[in-house]
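Heads up: the structure comes next, in structure tokens.
Predicted, not measured: the structure shown is a model, and the values here were computed from it. Nothing fancy with the numbering, it's 1 onward along the sequence.
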Amino acid sequence: MKVRMFLMAALLMAVAAQMDAQEKKEFTLEVYGGEIPDVKPAFEEEHFLGGEITRKWNTFLCNYTHTYDVEVGLSTSGTEFRKPAVFKAVERVNRYVKKSFKSHHMTREEATRIMTHVLDCANIICLENDTAALEQAAGDTRTAEEALAFFDQIRLINV
């Protein structure tokens with residue numbers, strides 16, 4: 001019994017230390033010209049928040065996914081993801097915001113503010129070259145709340 005209690009306490013201390021270390025990381029990204037470039041997709045996918053978020057969402061999808069034809073096998077096409085840790089973190093936040101918005105735990109304005117920041121960060125990360133630390137931090141997130149905290153640690157600076 002004492003051994004179990006000791007192991008549980010050690011596990012809780014390790015998790016708390018990891019969360020503290022993760023919270024202390026802060027990243028700064030520069031936005032040149034104050035505007036994040038848009039990509040026109042072949043097929044637009046409507047985002048549940050609509051408007052400006054749909055444009056940013058489609059830019060995100062175009063930046064992070066690459067579909068190509070497969071010569072061998074049963075499938076006719078394959079999809080590759082650039083910076084998959086960041087892609088998955090954005091998907092987690094999007095599902096979390098969608099669920100919170102649909103269940104009326106979040107207002108449209110709050111959901112739009114969160115998704116604007118997350119998509120702006122993701123679209124800038126995609127264009128940057130040296131993002132190993134960012135990708136590692138994004139990969140360390142396991143829940144939507146952790147992914148949201150990760151994006152909150154990113155500051156965008158207009159240059």
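Val118 and Phe81 end up in the same hydrophobic cluster when Ile, Leu, Val, Met, Phe, Trp and Tyr side chains are linked at under 4.5 Å.
Looking at Asp140 and Phe150, their side chains never come closer than 4.5 Å, going by heavy atoms from C-beta outward. The closest side-chain heavy-atom distance from Asn94 to Phe48 is below 4.5 Å.
Expressed to the nearest 0.5 Å, how far NZ of Lys56 lies from OG1 of Thr112 amounts to 11.0 Å. Between Leu148 atom CG and Thr141 atom OG1 the span is 10.5 Å, to the nearest 0.5 Å. The line from CE of Met115 to CH2 of Trp57 is 5.5 Å long, rounded to the nearest 0.5 Å. Interatomic distance, Asp120 CG to Ile154 CD1, rounded to the nearest 0.5 Å: 11.0 Å. Atom-to-atom distance recorded for Ile125:CD1 and Leu134:CG is 4.5 Å, nearest 0.5 angstrom. Annotation: the span from Arg92 atom CZ to Glu145 atom CD amounts to 11.0 Å, rounded to 0.5 Å.
The main-chain N or O of Arg155 is never found under 3.5 Å from a side-chain atom of Thr28 such that the two would form a donor-acceptor pair.
Contact between Ala147 and Ala89 at its shortest, heavy atoms only, is CB-O, 3.7 Å. A pairwise comparison of heavy atoms in Gly51 and Glu46 identifies N-OE2, 4.4 Å as the closest pair. In terms of heavy-atom proximity, Phe151 sits nearest to Cys121 at CD2-CB, 3.9 Å. In terms of heavy atoms, Thr131 sits closest to Glu128 at CG2-CB, 3.4 Å.
Scored by the salt bridge (charged side-chain N to carboxylate O under 4.0 Å, His left out) test, Lys83 finds no partners at all (sequence neighbours excluded).
Each of Leu119, Val97, Leu49 was evaluated against Ile114; a single residue qualifies, Val97, per the side chain to side chain contact (heavy atoms under 4.5 Å, CB included) test.
At most 12 heavy atoms of other shown residues, nucleotides or ligands fall within 6.0 angstrom of atom CZ in Arg82. When the shell of 6.0 Å around OH of Tyr96 is examined, it contains 12 or fewer heavy atoms from other residues, nucleotides or ligands.
Within the structure, salt bridge (Lys or Arg N to Asp or Glu O under 4.0 Å) contacts touching residues 99-119 (residues at least two apart or in different chains) do not occur.
In this pair, Phe87 and Phe60 present their aromatic rings parallel. The plane angle is below 30°, not in the 30 to 60° band.
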